[in-house]
> 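Dropping the structure in here first, questions after.
Letters go in sequence order (proteins before strands), and every chain restarts at 1. Side-chain atoms are counted along with the backbone in the values below, which use heavy atoms only and exclude waters and symmetry mates.
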Amino acid sequence: MPEFKNIKQDLEKEFLLKNLNEEQKQAVIHEGTPLLILAGAGSGKTRVITTKIAWLISLKGIRPENILAVTFTNKAAREMAARAASLNPAASGAVIKTFHSFGAKFLRRYASAAGISPNFSIYDDDDSAALLRQAEPGLSAPQVPSVMRKIERAKNYCLEYDSPDLALMEPDPDFVSVYRRYTERLRNSGNVDFGDLIHLPIKILRENPGIRDEIHRRFSVVLVDEYQDSNAAQFELLKELVGPETYLCVVGDDDQSIYSFRGAEVSNILSFTESFPGAEIIRLEKNYRSTPEILRVASEIVSNNGGRLGKTLYTECAPGKKPVLAFLTTQEVEAEFCAQLIKQAFDKGHPYRDWAVLYRTNAQSMSFETEFLKMKIPYTVVGSLKFYEREEVKLSISMLSFILNRRDEVSFFKILKKTVAGVGATTCAKIQAEFENLNSREDSSGAADVSSPDYLDAAGNVIPKLKKAGQNLSSFVSAVKECVSVLDEASAETETAKDESSAASSGRSLSVFVSMVLEKSGLYSFYRSQAEGSGSSRALNLEMLSNAAALYPFSLQGLLDFLEHIRLDREMAVDKSEEDAGVSDRVTLITLHNTKGLEFKRVVITGLEEGLFPREDKTGDDLEEERRLMYVGCTRAMKRLYFTCCSARWMYGSFRPSLPSRFLYEIPPDGVKVLGSPPPSFAAFYGNAAAEEPGRGSAGTFPGAAPVSELARRWKKGVTVFHDDYGYGIITEAFFSGGKPAEQEYVILVRFESGGEKKFMPEYQGHSLLIVKD
DNA sequence: GACAGTGAAATTTTT
DNA sequence: TTTCACTGTC
C-alpha cells in the first residue's frame, strides 16, 4: 500500500511544518552537510530542534536510537525530550542528554579502555579542590582555587599533564607536576572529576578505532543545542563523535555566550564553517517574543560588540511601550521602585508571575527580598542555596560515595574530620601514610582496582596505634563495613530476583538503605544533637535526601545511579515540595546568568552601574561578555522592560557613589523613557532627551561630572578617526571612566584597521587623533 | 585537637 | 560588613 504510506507521510509533513516560518522549515528539512542554525533570542530554537528530531524519525526513516542530541543543562535536555516526544512519541527512544551525562554513560560502558573502574563516582568542584589540597599540601588556601581553575582550564582545552601544548596555556613549569600529582591521585581514588567526563571519552575514542567505529555506526545524527556554550574539549568530543557519515547540526547564538568564565569558547560557533568544511548556516532572525521597542534596545546594545556572526532580529509583535530607565538613589529605593511597579501592575490585573527582577550578583537579591516581604509581594529566588550544596547533605552524599568506593579519599577524610570525634589532621595524615604504604607494597601495576587496599584497611592498621580516637574510628570502620555488606547482599538478591522474574523486585527502595547509612554513620544523631534551630532543619534535610532515593532500587546499581543523578543534576526533588507548599503566582528574583532560556512578560534589570554591571575589572573580551549578558537580560522581556540605576550603593560595608553603566550609554536616547534624575554626565551624553517626570525616589542626585556634552557629541561611537601613529580606525566604544565621580574622564575605544584597539581620552589627545567622518 | 583571634577578600556558575 | 582560613594558645 505505497499510496497509503505516502498520504500518511504527507499528513505527517504537514503536521510538523505547519507552524514554522520559512527559515525554520529550511532548518528542519536540511540534510547532508553539517549545519549551523544561528538562532536569535526568542526565534523558536527549541521548536526547530525538536521538530527536526521528529522529522528525522517520521520522514527520514532514522531510528530514534541513532539520534544523539546533547545540551548543557538537564533542564534543557528534559524539555527537549518532552517536546520532541509530544511531536512524535517515537522520539523518546532518542538519546537526549547533557554533554556530561552522555560522557558518564559512555565512560561506564567503556571504562576499561580508560583504565578505570566502571563503578566510579563523580567528584564535584569542591571535592576536586579537596583532592588537590590533599595531593599538594604545600599549596596555601588562596592558591588552591587558582590552581584548580588552571587544571579545569587544561581539561577544558583537552590538555593532559604530559601534553606538549600545556606550556602554551600555563608557562609555570611547576604546574605540570602539580597537575600530574592531582591526576595520579584522582586515578588512584577510582573517581573522576567533571572534566574527565568529557576528557576521558575523547581519549578512549582517539585511542580505540574499534570503539570509534562502533559509535559512528550507532549515531547517524548528532545535534547540539546552545552550541555557543561549548568548550574546547566538548568541541573535540564532538569531532570524535562525528564520523564521515554522521549528520551534524548545531544550534546556538553567539550573542548569548555568557559562560566563557566556565570555559565556553565563542570561537567554536564563530568558526564552525571552518571546522566542518562545507557546513551551511541558517539564520533564525524572526523573534516571536519581544516588542520592537525592546528588541531595538537589545540589538543596539549588543551591536557594540566586535567579533559577531551578526544577525538582524525583527519581530512582528505589536508595538508596545518604550523601555523605561529609572535613575534612583540607593538599592532600598531601587527595591521600592520595583515593588511599586509590580504592585501597580498587579492592581491592573497583571499577575506576579509576569515579573522577573534581574541582577548581576546573588548578593543583590537581599534588598528585594526585604522589600517584597514588607509589601507582601510573593517571590521566589532562583538558584540560591541549593539543597545538594548544604553541608549536611554533602556530607551524607560523601558517606554514600565512600560506601560505594572505599578508595575515595576525599569523601573518607571529609566524613572523618567532621563526624568522628577525636580525629583530626594528625590522624588523617597517619591513615594516608598507611594507605600509601599498603599500596606501594602491592607493587600495583598502575590502576587501582577493587581488590587494592582501601581506606578501611589503612584505618584498621592505624587504630591500634591511637589512643582515645581509636575507639571512635573503630566503630566508624565497622559501621561502614556493615553498610557495605548490607548493600552487597541486597544487590545479590536483586540480581537473582531479576533472573527469576523482572517484576519481582524485593519492594525495598534505596531510601531504606540511605536511612540506614545515615543512622549507622552517626550523621542523624550528629545533626539531631546540634542546636535546636538549624539542627532540626538539618535533620529534616537528611530525611529529604533519603526520600529522594525512593525512586531507586536497593542495590549497588541503584546507589550508583542515585549518586550520579545527584552529581550531574543538582536541581530536582526539593523544588517540587517547595512549589507545592507555596503560591504559584510569584515574582521571580534571578541572576542574569540564570535567565538564559527563560522569558517573562515584564523584566526589570537592576543595578546598572559601572563597577557592578559591568563589573569593574572587565575589559576586552570579558567586557563583551558582560554586554552579551545585558543582551540576554533584555531579550527575556516580552512586553515591558525596565532598567534601574542607583547613584550610590552599599557594598562590602561601605556606601559608595556609583555612575551609570556604560551599557546605558549604548541605548539610543529616543529608545527609552527616562525617569528620575540622571547624573549630569548622562544627561549631557543624551543631549537632554532625558528626564521627564521626576517620579518617586528621585530625590537622589548624581555626584560630580562636569558637562562634557560637546566632547561626547563629537567623539561618539561609529565615528571614523585617523591617528598619526596607528592610521585609520573606528570608535567602537565611548564612555566615562569609572573611579571617583569627580575624576571621571571621557574615554573612547578605537579599533584600527591595522587590527589593534586602543583607548584615548579625546580631551587631551585631540591633536594626534582626528575625526575623519561622523 | 579544639577554640578564639586576626587578616584578606568579596562575581557570574549549565556539569 | 561578613566570611573564611590561618595562626597561635590551651
> Considering heavy-atom distances to DNA chain B, does A/Val420 or A/Thr73 have its closest nucleotide positioned more toward the 5' end?
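Its nearest nucleotide lies further toward 5', so the answer is A/Val420.
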> Can you check the distance between B/dT13 and C/dT2, where both ends of the measurement are the P atom (answer in whole Å)?
22 Å
> In whole Å, what is the span from the CD1 atom of A/Ile198 to the P atom of B/dT14?
15 Å
> Could you tell me whether the phosphate oxygens of B/dT14, OP1 or OP2, come under 4.0 Å of any side-chain nitrogen or oxygen in A/Thr98?
no
> B/dT12 base stacked by A/Phe261? Criteria: ring centres under 5.5 Å, plane angle under 30°.
yes
> When the distance from OH of A/Tyr388 to P of B/dT14 is rounded to whole Å, what number comes out?
15 Å
> Do A/Glu334 and A/Thr644 pair up side chain to side chain, a donor and an acceptor below 3.5 Å, judged on atom types alone?
yes
> Need one value for A/Asp124: base, sugar-phosphate or nothing, where a base atom within 4.0 Å counts as base even if backbone is also close, heavy atoms only.
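If one applies the 4.0 Å heavy-atom cut-off, A/Asp124 turns out to touch nothing in the nucleic acid.
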> Figure out the CE/P separation between A/Met366 and C/dT1, and round it to whole Å.
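Atom-to-atom, A/Met366 to C/dT1, this comes out as 13 Å.
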> A/Tyr259 has an atom OH; how far is it from atom C1' of B/dT11, in whole Å?
12 Å
> Calculate the interatomic distance between A/Arg628 atom CZ and B/dT12 atom P; express it in whole Å.
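For the pair A/Arg628 CZ and B/dT12 P, the rounded distance is 19 Å.
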> Checking all strands, does A/Arg133 fall into the base, sugar-phosphate, or nothing category for heavy-atom contacts under 4.0 angstrom?
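A/Arg133: backbone/sugar contact only, no base atoms under 4.0 Å.
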> Taking only side-chain N and O atoms of A/Thr591, does any of them lie within less than 4.0 angstrom of OP1 or OP2 on B/dT11?
no
> Taking only side-chain N and O atoms of A/Asn362, does any of them lie within less than 4.0 angstrom of OP1 or OP2 on B/dT11?
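Answer no for this pair, as no side-chain N or O of A/Asn362 is under 4.0 Å from OP1 or OP2.
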> Rounded to the nearest 0.5 Å, what separation is found between the OG atom of A/Ser658 and the CG atom of A/Leu612?
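A/Ser658 OG to A/Leu612 CG: 8.5 Å, rounded to 0.5 Å.
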> Any side-chain N or O of A/Asn231 under 4.0 Å from OP1/OP2 of B/dT14?
no
> Are A/Tyr652 and B/dA10 stacked, counting the six-membered base ring, centres under 5.5 Å, planes under 30°?
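Stacked: ring centres under 5.5 Å, planes under 30°.
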> In whole angstrom, what separates A/Arg656's CZ from C/dT1's P?
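Taking atom P of C/dT1 as the reference, CZ of A/Arg656 is at 14 Å.
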> Please check this pair: side chain of A/Ser128 against backbone of A/Asp124, looking for a donor-acceptor N/O pair closer than 3.5 Å.
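The answer is yes, because a donor-acceptor pair under 3.5 Å joins these two groups.
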> Using whole Å, report how far CD of A/Glu624 lies from C1' of B/dT12.
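After rounding, the reported distance stands at 18 Å.
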> Starting at the 5' end of DNA chain B and moving along, which residue's nearest nucleotide shows up first, A/Cys428 or A/Asn594?
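Upstream on the strand: A/Cys428.
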> May I have the distance from A/Leu598 (atom CG) to B/dT14 (atom C1'), rounded to whole angstrom?
12 Å
> Assess whether a salt bridge exists between A/Lys596 and A/Glu226, defined as any Lys/Arg side-chain N lying under 4.0 Å from an Asp/Glu carboxylate O.
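Yes, A/Lys596 and A/Glu226 are salt-bridged.
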> Do the side chain of A/Asp196 and the main chain of A/His199 share a donor and acceptor less than 3.5 angstrom apart?
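Between the backbone of A/His199 and the side chain of A/Asp196 there is no qualifying donor-acceptor contact (under 3.5 Å).
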> A/Thr427 near the nucleic acid: base, sugar-phosphate alone, or nothing, with a heavy-atom cut-off under 4.0 Å?
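A/Thr427: backbone/sugar contact only, no base atoms under 4.0 Å.
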